[in-house]
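Just so it is clear, the model here is predicted, and its values are computed rather than measured. Numbering of residues begins at 1 and proceeds along the displayed sequence.
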Amino acid sequence: MLSSLVADFRIIFERDPAARNWFEVLVCYPGLQALFFHRFAHWLCKIGIPFLPRFISHLARFLTGIEIHPGAQIGKGVFIDHGMGVVIGETAIVGDYSLIYQGVTLGGTGKELGKRHPTLGENVVVGGGAKVLGNIQVGNNVRIGAGSVVLKDVPSNCTVVGIPGRIVYRSGVKVDPLEHGNLPDSEAAVIRTLVDRIESLEQQVKQLRKSESESKSLVAAVLSESNELENCSKVNNSCLLRDKEIREFLGESSFDN
């Protein structure tokens, strides 16, 4: 437990540029204080002491605004930045050197027994206000965007954004964990792709209308192509939505029926 507390203390100086000195960190960082309380309460919980661990957790919540159930497993070097409104459930597991911002919930989705809270791997960054719910697995080096709602397993080395959370892979790209605002906008990418497609189709329509006035023989060809486009739009696997960004945004299941 002592080694974990030392790691919790040291990581603050690596990840918070506002950390000035050790005394300020000890007195003025609620995330560190909440972890101190939790590690003691978790030890009491493991040896079977009743009531007292929950009371310590309740006291820590009152003093810091951070609620961590005594049964939760928190790895070493975890940094809860600011921390107000953070809730970590009983069966949640947080890997080493993870970074959690204010308003984060690692919660359950019902009243089921057993493992019902998420498991976070190592070096996970959870942005402010994000909700990670249910017995799901979040891999190592994952970045969860602020305000995201994650309900499904997340592989390692990728980014999750949106409601519900959508996975955006960034393999091979090393990102500073503090740059949690530097996230891709999947919705904007899809909209941009659709706008480009519309512009391309408008250009084709203009060219067809121009050629229509030159020869009556081309009119039949134009009508034939328009019928083919209309028939194509009626099938489930739309031939106009083949772009990778759109398929990832809508989900592959949208094209399976």
Side-chain angles (χ1 to χ4, degrees), residues 1-45 53-108 117-133 138 141-150 160-161 165 176-183:
M1 184 172 66
L2 181 60
S3 61
S4 296
L5 291 174
V6 172
D8 296 339
F9 179 76
R10 288 179 174 175
I11 199 67
I12 293 177
F13 292 96
E14 297 179 15
R15 293 190 169 179
D16 189 359
R20 298 288 189 269
N21 57 74
W22 66 268
F23 183 74
E24 179 181 290
V25 169
L26 287 175
V27 175
C28 302
Y29 277 67
L32 179 63
Q33 296 165 357
L35 289 175
F36 283 171
F37 280 109
H38 169 72
R39 297 199 186 281
F40 181 56
H42 182 66
W43 177 74
L44 294 176
C45 185
R54 289 302 302 270
F55 178 75
I56 293 175
S57 173
H58 183 71
L59 180 63
R61 177 173 178 257
F62 174 77
L63 295 175
T64 66
I66 300 171
E67 181 175 348
I68 308 177
H69 193 283
Q73 302 179 39
I74 310 295
K76 65 180 181 180
V78 172
F79 180 27
I80 302 177
D81 196 3
H82 298 290
M84 179 61 70
V86 168
V87 178
I88 301 178
E90 178 183 11
T91 60
I93 300 175
V94 181
D96 297 344
Y97 303 106
S98 293
L99 175 58
I100 298 174
Y101 285 90
Q102 69 278 2
V104 167
T105 299
L106 306 181
H117 298 99
T119 297
L120 273 59
E122 298 181 357
N123 299 302
V124 174
V125 178
V126 188
K131 313 299 177 185
V132 187
L133 306 177
V138 178
N141 307 307
V142 168
R143 291 155 51 83
I144 299 175
S148 300
V149 178
V150 184
V160 178
V161 295
D176 191 322
L178 294 179
E179 295 181 0
H180 57 99
N182 182 21
L183 299 176

Applying side-chain hydrogen bond (donor to acceptor under 3.5 Å, both in side chains), name anything that partners E122, two or more places apart in sequence or on another chain. none
Return the minimal non-hydrogen interatomic distance between I11 and V78, and the atom names on each side. CG2-O, 4.3 Å
Derivation and outcome, side chain to side chain contact (heavy atoms under 4.5 Å, CB included), residues V160 and V138: CA-CA 10 Å; V160 178; V138 178; over 6 Å; no
Do I80 and I68 have side chains that get closer than 4.5 Å, going by heavy atoms? yes
Partner residues of H117 under the side-chain contact (heavy atoms from CB on, under 4.5 Å) criterion, sequence neighbours left out: E90, T91, A92
Over all atoms of both residues, closest heavy-atom pair of I66 and G83: CG1-O, 3.1 Å
Looking at every heavy atom in both S98 and G121, which two are closest together, and how far apart are they? OG-O, 3.2 Å
Does R10 use its side chain to pair, donor to acceptor, with the backbone of D8 at less than 3.5 Å? no
If you define the side chain from C-beta out and look only at heavy atoms, does anything of I74 sit under 4.5 Å from H42? no
Sequence neighbours excluded, which residues qualify as ring pair (Phe, Tyr, Trp, His ring centres under 6.0 Å) partners of F9? F13
Going by side-chain hydrogen bond (donor to acceptor under 3.5 Å, both in side chains), name the residues that satisfy it together with K131, two or more places apart in sequence or in a different chain. T105
Atom pair CG/CG of L120 and L106 - distance to nearest 0.5 Å: 5.5 Å
Does anything in residues 77-86 pair up under side-chain hydrogen bond (donor to acceptor under 3.5 Å, both in side chains), and if so which pairs, sequence neighbours excluded? none
side-chain contact (heavy atoms from CB on, under 4.5 Å) partners for F23, two or more places apart: N21, V27
For the atom pair OH (Y29) and CG (L35), what is the distance rounded to the nearest 0.5 Å? 14.0 Å
I need the minimum non-hydrogen distance between R15 and P17, along with the two atoms involved. O-CD, 3.7 Å
Where do P118 and V132 come nearest, in terms of heavy atoms and distance? CG-O, 3.4 Å
Are side-chain heavy atoms of F36 and L26 found at a separation under 4.5 Å? yes
Distance-minimising heavy-atom pair for L99 and Y101: CD2-OH, 3.4 Å
Considering only heavy atoms from C-beta outward, does the side chain of P70 approach that of R54 to under 4.5 Å? yes
How long is the straight-line distance from CZ of R143 back to OG of S148, given to the nearest 0.5 Å? 11.0 Å
Which value, rounded to the nearest 0.5 Å, describes the distance between I12 atom CD1 and E14 atom CD? 10.5 Å
Short question: side chain of H38, backbone of A72 - any donor-acceptor pair under 3.5 Å? yes
